[in-house]
Amino acid sequence: MCGRFALYADYEALLERFDIEEAALAQDLYEKNYNVAPSQQIAAVINDGKQNRLGTFRWGLIPSWAKDQKIGYKMINARGETAAEKPSFRTAFKKKRCLIPATAFYEWKKAEGGKTPMLIHLESDELFAFAGLWESWEAPNGEVVHSCTILTTQPNALMAGIHDRMPVILSKGDEKVWLDPNIQDPELLNELIKPYQAEELEAYEVSGAVNSPKNNGQELIRKIG
């Protein structure tokens, strides 16, 4: 599962890293977020067949056929192994894939006396992207809600000691394939759903303050101990 992450890169770095030519998310609306939580509006990258575009989606996918948007609270993640077949995700898996930029993500490690929050990021401290799916849902009042989910997969060697799942982090080369709307072959896409290389990641304990989405500052990403 991936239930919290952080995106604290500068706006210009985000545009450059993901080759953004058109941004619905304007610079004055972009804010660094050290504690991204479900139901929040989050930055995401799609490709319209010609270029990459940066916009925002509500975190928690609402299928187009849903009767109530509350279903999104249960769909912040999609199991990568079955997303191509599940009714809630199969249309998006085929036609509506996105990248969800991040600088780090959090996971809670079981320990005596409770759970310990851990921060995981690239050792290089570079921006990376989760594999995501998105959908558009029309509310009874006509409002259109754009939402997304993060795919998960089996843990790598580093994550196995923390949790039994991890988010799908794409390599830069795989990002282009994942975004390409002309690619709809499930077998090819499923090859991209795999654990990220453990040797390229670092994990360390952080403050329990991250447990509350009300807390949002640089202190959340500081190493403890």
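Quick note: numbers below take in every heavy atom, side chains included, and nothing from hydrogens, waters or symmetry partners.
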Would you mind listing every ring pair (Phe, Tyr, Trp, His ring centres under 6.0 Å) that reaches into [range], with sequence neighbours excluded?
range: residues 137-185; answer: F93-W178
range: residues 43-73; answer: F5-W59, F57-W134
range: residues 183-204; answer: H121-Y204

State whether the number of non-hydrogen atoms from other residues, nucleotides or ligands found under 6.0 Å of E21 atom CD is greater than 12.
->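 Yes, because the 6.0 Å sphere around CD of E21 holds more than 12 heavy atoms from other groups.
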Evaluate whether atom CD of E31 has more than 12 neighbouring non-hydrogen atoms of other residues, nucleotides or ligands under 6.0 angstrom away.
->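 No, not enclosed.
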Under the side chain to side chain contact (heavy atoms under 4.5 Å, CB included) test, residues paired with S171 that sit two or more places apart =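 With neighbours one apart ignored, the set is D174.
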Under the side chain to side chain contact (heavy atoms under 4.5 Å, CB included) test, which residues partner P181, sequence neighbours left out?
->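 Side chain to side chain contact (heavy atoms under 4.5 Å, CB included) list for P181, sorted by chain: N47.
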Scan for salt bridge (charged side-chain N to carboxylate O under 4.0 Å, His left out) pairs involving [range], sequence neighbours excluded, and state none if there are none.
range: residues 8-18; result: D10-K32, R17-E175
range: residues 122-139; result: K96-E135, E126-K172
range: residues 84-93; result: none
range: residues 46-75; result: E22-R53

Who pairs with K115 by salt bridge (charged side-chain N to carboxylate O under 4.0 Å, His left out), at least two apart in sequence or on another chain?
->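 Partners of K115 by the salt bridge (charged side-chain N to carboxylate O under 4.0 Å, His left out) criterion come out as none, since no residue qualifies.
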Which other residues belong to the hydrophobic cluster containing V144, where Ile, Leu, Val, Met, Phe, Trp and Tyr are joined when side-chain heavy atoms lie under 4.5 Å apart, directly or via other members?
->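 V144 clusters with nothing; isolated.
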Taking the side chain as every heavy atom from C-beta outward, state whether P101 and V45 have any atom pair closer than 4.5 Å.
->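 Answer yes - side chains close enough.
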Any side chain to side chain donor-acceptor pair (under 3.5 Å) pairs touching residues 216-225, not counting sequence neighbours?
->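 Sorted result for residues 216-225: N33-N216.
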According to the interplanar angle, ranging from 0 to 90°, do the rings of F128 and F130 count as parallel (below 30°), tilted (30 to 60°) or perpendicular (above 60°)?
->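 If you compare the ring of F128 with that of F130, the planes turn out perpendicular.
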